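We name chains A, B, ... by the order of the sequence lines, and we start the count at 1 in each one. Here the structure is a predicted model, which means the values were calculated and not measured. Quick note: numbers below take in every heavy atom, side chains included, and nothing from hydrogens, waters or symmetry partners.
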Protein chains: 2
Amino acid sequence: MVTLAEVAQHAGVSASTVSYVLSGKRSISAGTRQRVERSIQELGYHPNAGARALASSKSNIIALMVPLRTDMYVPVMMEIAIAVATTARIHGYDVLLLTGEEGPDAVRRVTGSGLADAMILMDVELDDERLPLLRDTDQPSVLIGLPADTSGLTCVDLDFGATGALCVEHLAMLGHREIAVVGEAPAVYERHTGFAERTLDGLRSRARELGLRVLHRPCEGGYDAMAATLARIFDERPGTTGFVVQNESAVEPLLALLRQQGRAVPEDVSVIAVCPEQVALQASVRLTSVAIPAQEMGRRAVEQLVAKLDGRETDEVVLLAPELTVRASTGPLTGG
Amino acid sequence: MVTLAEVAQHAGVSASTVSYVLSGKRSISAGTRQRVERSIQELGYHPNAGARALASSKSNIIALMVPLRTDMYVPVMMEIAIAVATTARIHGYDVLLLTGEEGPDAVRRVTGSGLADAMILMDVELDDERLPLLRDTDQPSVLIGLPADTSGLTCVDLDFGATGALCVEHLAMLGHREIAVVGEAPAVYERHTGFAERTLDGLRSRARELGLRVLHRPCEGGYDAMAATLARIFDERPGTTGFVVQNESAVEPLLALLRQQGRAVPEDVSVIAVCPEQVALQASVRLTSVAIPAQEMGRRAVEQLVAKLDGRETDEVVLLAPELTVRASTGPLTGG
DNA sequence: ACCCGGTATCGAAGCGCTTCGACAACCTAT
DNA sequence: ATAGGTTGTCGAAGCGCTTCGATACCGGGT
């Protein structure tokens, strides 16, 4: 294992000079710099992370807490995680992967031990028990998701309220008057993760303004659950012609069931999904959808965090504007 | 930030004593131990990770390299990653998340800087360019996946050869004679990730022994791609009655297409999927499947790695035995 | 010739921890 | 009573780096 001192000796300079070449914190003459850089190359030197962290009180590591549950939106989570890792590398940070399992203790452990310089939390609940700790510590953090009280926190999320509104507007424009919302599993609502409720609220209030009727039904993923949910929906509101689906694993079953019941998409009923692009593109009908910009969310979260670490000012809440892409699953209500 | 020295002073002992209480590497009297532990509690002490790493040359971090591509088996990857993180914590390690993006450089960086004590690589290609580096360094590593040459490496994977054989045996037993294999996207084969080929090899050789005909077609995920693939299959082998699908995102489209063509599952054709349990359970037909034991793979990888770090002997290759679960998508060939 | 402000480099201290050798204090076994 | 072995604790060195003066050198103004 090559050390700074060895590089210094090889280049015929002092250790501190090598350090300054590396960090650029003091000016170094071109000649010296080149000699040092050549020595680094030749010896294959890599700074020791532990020593660096100890001396500088900076680990250059960002902790990412992902939910332990793998029951929902897994591809989204993964995409966010990968975007976080990739963006962090660009800014010179590595990413430590923590699972939600440890809960608040993980926050204490990481802040206490100086393992990471900052953290990103995913799957934030409305009244998350980790939030007081974050407010207390001076370690920067960014949430992906929106808790009830954002004061003193920095959050990045899709504007789910606007997402809901957007869906309902599109359907209204096409002439639909009765909308069914196929939501996430009941557990998601009980957990108060926020995004599901926010979508619903945005959707409902816009629907009220536009005079549409909305029926919301949570739904576990899968074919059987969707079948039961769909039956209940048509039972209660036979006139339903528009569907908004916010549950990846209910999308394909819904399409299959509608087909089976002889309801054509989009001639008889329209379907909008709130899901990643890939799901919308791979479904048996190319879906009109509002994309969940997972990559963008991960990227923005890191950028906010790096800004904080650099002492720059950051926004309190970054809400990404939803975009609706019209594809083959929605169309005008023809006749009656 | 509380330090060891402060704890020592508070407890009225020397710093080294506190260190030994923490590590248990020397005997400490019960009284002293309790006093120190109380001080640690009261002051809320957490050892500084950097200092510890520097002094002990151990970071207690495991690096996990996940593929950058999010085009395949994402839930499997995520589940593995989470299992790795969870299991690592149990053994006192944290997990550093690296993306495949940096490639071999990441290996150099991590081993060189002492950022991590060991690494786990996912998505290993048959002739992966990172392997020479791993063989060269004395840093322990475990691969999830199976390269062409495993000498000097430790690998954990599902026994995909046996998986293929198992599928064909089940279909043969039910009386099927013509089998179609719907494989991964062509890109996966071109990349030589191994598992796809191994499944196919196992399947083919068992089919030969049992006298079945096999037709293999790679398939991009999604409805349209599956439709094209299916058309080609029935065109070439109209007598096909058994399907083996090794591509999550082709499963549901296949079922929908068969239904649409009036072929009943399992009365007319049988379908076996190689996929995570959840996919098999949520499909529109409950699928007979061979599960991909993602959690088990992550867990075993960490356990192998920890064994290595502890200086214990490890297996070179851990192949998990596949298990076929019979559900509603396969049945005996009725009549002809 | 002299002082001045830059610029380039060095030396030393110190970050918080682990670990080794030393050393008391005690307990047997002679 | 004394040598020899345990057991529990301490002090100091050192891990590899950053960073803060200090120093030496240079050219320009007077």
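For the OP1/OP2 pair of D/dG11 and a distance below 4.0 Å, the side-chain nitrogens and oxygens of B/S16 include no atom meeting the criterion. A/T32 has a side-chain polar atom (N or O) that falls below the 4.0 Å cut-off from OP1 or OP2 of C/dT9. An OP1 or OP2 oxygen of D/dT18 is reached within less than 4.0 angstrom by no side-chain nitrogen or oxygen of A/K25. For D/dG8, one of the phosphate oxygens OP1 or OP2 lies less than 4.0 angstrom from a side-chain nitrogen or oxygen of B/S27. Taking 4.0 angstrom as the limit, B/T3 places none of its side-chain polar atoms (N or O) nearer than this to OP1 or OP2 of C/dG16. Distances shorter than 4.0 Å separate some side-chain N or O of A/S29 from OP1 or OP2 on C/dT9. The phosphate of C/dC10 (OP1 or OP2) has a side-chain N or O of A/T17 nearer than 4.0 angstrom. Listed pair A/S56 / D/dT18 fails the phosphate criterion, with no side-chain N or O lying under 4.0 Å from OP1 or OP2.
Between B/R89 and A/E102 there is a salt bridge, with a side-chain nitrogen of the basic residue lying less than 4.0 Å from a carboxylate oxygen of the acidic one. Salt bridge status for A/R135 with A/D149: present, with a side-chain N to carboxylate O gap under 4.0 Å.
Taking atom CD1 of residue B/I28 and atom P of nucleotide D/dT7, one finds them 13 Å apart after rounding to whole Å. Going from atom CG of A/L54 over to atom C1' of D/dC17 covers 8 Å, rounded to whole Å. The distance between atom OH of A/Y20 and atom C1' of C/dT7, rounded to the nearest whole Å, is 14 Å. When the C1' atom of C/dG16 is taken as reference, atom CZ of A/R52 falls 18 Å away, rounded to whole Å. Distance CG (A/N48) to P (C/dT18): 15 Å, rounded to an integer number of Å. Rounded to an integer number of Å, the gap from CZ of A/R33 to P of C/dA8 is 9 Å. Distance CZ (A/R35) to C1' (C/dC10): 14 Å, rounded to an integer number of Å. Regarding B/R26, its CZ atom lies at a distance of 12 Å from the P atom of D/dT9, rounded to whole Å.
Of all non-hydrogen atoms in B/V124 and B/I144, the two that sit nearest each other are CG2-O, 3.8 Å. Considering all non-hydrogen atoms of both residues, B/A106 and B/L98 come closest at CB-CD1, 4.3 Å.
Contacts of A/L4 with the nucleic acid, taken as non-hydrogen atoms under 4.0 Å apart, include base atoms.
Of the two residues near DNA chain D, B/A55 and A/S23, the one whose nearest nucleotide lies more 5' is B/A55.
Within the 3.5 Å criterion, the main-chain N or O of B/V107 finds a donor-acceptor partner in the side chain of B/T111.
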